[in-house]
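The next block holds one structure in the form of structure tokens; read it before the comments.
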Amino acid sequence: MLFDKDLDYFERLRKAMLFYCVQIFEMSRNLLKEVKEEYPKSWHKVVLFQQQMLHELQDYYKLGQRIGHYHNEFEVDLLVANDQSFFYGFLSIIFLKNTITILYLLSTIIVV
């Protein structure tokens with residue numbers, strides 16, 4: 001999605017973030033908590049998915065620099081760190097124990 005040249009640069013990011021979040025939203029907090037605690041090998045796959053998404057975002061932001069959406073002086077790692085804190089935040093045990101829903105969290109940051 002991030003490199004679909006048929007879509008506007010920022011539309012690619014919006015669709016990729018929605019894809020990631022829908023994948024996680026399909027699982028309940030209780031299921032994620034159970035997977036993390038009871039099935040560490042399966043949880044590792046969730047972590048690998050996150051890492052792959054962050055790597056693709058880094059490549060995407062670098063592409064944005066090359067085509068002029070971001071200044072070359074802007075630090076791509078800052079954008080990735082921001083995304084990483086979001087992803088790690090809503091998969092943390094604290095979040096999984098909280099009553100806030102992923103759907104509510106997404107509705108506050110992603111405008112469809």
Side-chain angles (χ1 to χ4, degrees):
M1 251 173 274
L2 287 174
F3 301 99
D4 182 351
K5 294 181 181 181
D6 293 332
L7 296 174
D8 173 73
Y9 178 80
F10 290 109
E11 181 66 11
R12 291 184 240 168
L13 177 61
R14 187 185 75 79
K15 286 188 176 234
M17 294 298 261
L18 285 173
F19 172 78
Y20 174 84
C21 294
V22 165
Q23 300 309 305
I24 298 301
F25 179 72
E26 292 296 322
M27 298 177 269
S28 72
R29 283 190 320 259
N30 292 335
L31 176 61
L32 287 171
K33 182 176 180 287
E34 183 178 328
V35 169
K36 186 169 187 173
E37 293 173 353
E38 303 294 328
Y39 305 98
K41 288 181 182 179
S42 294
W43 183 256
H44 183 69
K45 291 179 182 179
V46 173
V47 172
L48 289 177
F49 176 70
Q50 259 186 344
Q51 290 172 345
Q52 179 63 33
M53 184 70 176
L54 291 169
H55 177 72
E56 289 179 11
L57 283 167
Q58 185 174 38
D59 291 344
Y60 170 80
Y61 293 139
K62 287 178 181 177
L63 172 66
Q65 280 184 318
R66 285 195 307 274
I67 63 175
H69 283 289
Y70 304 106
H71 291 286
N72 287 334
E73 299 82 31
F74 192 81
E75 189 59 52
V76 168
D77 290 341
L78 290 175
L79 289 170
V80 175
N82 183 56
D83 294 334
Q84 182 178 20
S85 67
F86 170 75
F87 295 146
Y88 288 0
F90 78 74
L91 285 181
S92 71
I93 284 296
I94 293 170
F95 177 80
L96 296 175
K97 290 181 179 178
N98 202 329
T99 58
I100 189 171
T101 66
I102 293 172
L103 183 59
Y104 171 76
L105 177 64
L106 295 176
S107 72
T108 65
I109 61 166
I110 296 179
V111 177
V112 180

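This chain uses plain numbering: 1 for the first residue, then up along the sequence.
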Joint hydrophobic cluster, Tyr60 plus Leu79, side-chain heavy atoms closer than 4.5 Å: yes
Tyr39, OH: over 12 other non-hydrogen atoms inside 6.0 angstrom: no
Closest non-hydrogen atom pair, Val35 against Trp43: CG1-N, 3.7 Å
Aromatic ring pairing His69/Tyr9, orientation class (parallel under 30°, perpendicular over 60°, tilted between): parallel
Exercise: identify the closest heavy-atom pair between His71 and Gln65: O-NE2, 3.2 Å
Passing candidate, side-chain contact (heavy atoms from CB on, under 4.5 Å) with Val76, options Val80, Leu78, Asn72: Val80
Test side-chain contact (heavy atoms from CB on, under 4.5 Å) applied to Tyr61 and Asp77, step by step: CA-CA 9 Å; Tyr61 293 139; Asp77 290 341; over 6 Å; no
Interatomic distance, Glu56 atom CD to Asp83 atom CG [nearest 0.5 angstrom]: 12.5 Å
Partner of Leu48 under side-chain contact (heavy atoms from CB on, under 4.5 Å), chosen from Gln52, His44, Gln50: His44
Where Leu57 and Leu13 come nearest, the two heavy atoms and their spacing: CD2-CD1, 3.4 Å
Co-membership, hydrophobic cluster, residues Leu7 and Phe3, 4.5 Å side-chain: no
